[in-house]
Amino acid sequence: MYEINKEKLVRTFVELVEIPSPSWHEKKVMDYIIRRFKKLGASCTTHKCGESHNLLIKISGDSRRTPILFSGHMDTVIPCDNVKAVVTDTKISSDGTTVLGSDDKAAIAIFIEAIEYIKEHKVPHGNIEILLTCAEELGLKGIKGFDLALLKSKFGFVFDSSGDIGRIIVKAPYHSNMKIKIKGKASHAGMAPEKGVNAIRVLSEIITLIPNGRIDEETTLNVGIISGGRATNIVAEEAACDLEVRSINEKKMLAEEKKVIEIIKKTTAKYGAKAVIERSLEYNGFIIDENDPVALLTSEAMKKIKLKPVFVAMGGGSDTNIINSSKIRAINLSCGMQKIHSTEEFIMIKDLISGTKLAVSLIETVK
Ligand SMILES: [Zn+2]
């Protein structure tokens, strides 16, 4: 079912990855994508966001059918200058000096080829929206700066997960950040240490007391940055650290934050230090039930092309988290990329083909 033109798909993919697009510098690749979609009669609008733009593509279809959204991101992690795609019969990788950029250009190649396919083969379809974001790799900055009210779709299919095609991310965590600053009291370290309060010492004790790493199967906590002190002969007046908490379960995330705050309060009180805590929500999590229409439709679309749906939870966030905060029900699908964010990144050509078939099958399945 669905005969995908392998050579054309690989060519599109290679052209995309060979255009450098680090975060906030997506213009060149965006121009390429617009050119390809305009040839197919799609409408393309760019939406300013930070130093770059998000791109919204609309393909009009039968308005009696349910409108659907595909989404991915245009930026890649670095090093991504001078990507030279090495193509064998089965696999595409970089030459080892850069990432490949299949994260997330596999998705873009899949969307271009899927839309070309449905036009060429007159596959019945409804209205299709394709949202391609900028600066996803910097913490979902593109989608956070996009007005989701512009989207008319009911279901969303984000193609931005690694691993074999068939994986469906139906759970992703809530994620919050905390910046903790401990204020002690400076004093000469040799002449009057007893007059000082060492902020590094206080913070160290806090860090050893708070939960760390995997808390339970759906919750994690990590201290990722630490700084403080000015010289060895000064009792450190300030010390700071940044940490993150993630959980599929919002209550659990909030409970861990509370524990951290209580430990900070107790420990600073014990030493006569002060603390300033800044807390921010990075993104909300989501849980899609396996019987939710978006999950059922995806399973059906996969079965049509002989793919086995595998429902999984993910430990990280993606644009899907933000899309799910709108009225659209969205899931994140694997687009076949492997060993992402490394110079060993690669994608199997069969997975690019399956991903394209999956996009076509989704278009046909959602009535
Ligand atoms: Zn990605």
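Since the model is a prediction, treat every value here as computed from it, not as a measurement. Atoms within a ligand are numbered from 1 in the order they appear, just like the ligands themselves.
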Does Lys357 make a cation-pi contact with Tyr2, if we ask for NZ or CZ under 6.0 Å from the ring centre and within 45° of the axis?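 Judged by the rule (NZ or CZ under 6.0 Å from the ring centre, within 45° of its axis), Lys357 is not positioned above Tyr2.
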Give the minimum heavy-atom separation between Thr268 and Ala275, together with the two atoms involved.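 For Thr268 versus Ala275, the nearest heavy atoms are CG2-CB, 4.0 Å.
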Over all atoms of both residues, closest heavy-atom pair of Cys134 and His53: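 For Cys134 versus His53, the nearest heavy atoms are CB-O, 3.4 Å.
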Using the Zn ion (ligand 1) as the vertex, how large is the angle between NE2 of His73 and OD1 of Asp103, rounded to 10 degrees?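 Taking the Zn ion (ligand 1) as the apex, I get 90° for this pair.
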For the Zn ion (ligand 1), what is the closest N, O or S atom on Asp160?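 Checking each N, O and S atom of Asp160, the shortest distance to the Zn ion (ligand 1) belongs to OD1.
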Do Phe159 and Phe111 have ring centroids that are under 6.0 Å from one another?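 Here the rings of Phe159 and Phe111 have centres that are less than 6.0 Å from each other.
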Regarding Glu136, does it place an N, O or S atom less than 2.8 Å from the Zn ion (ligand 1)?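 Not a single backbone or side-chain N, O or S atom of Glu136 is under 2.8 Å from the Zn ion (ligand 1).
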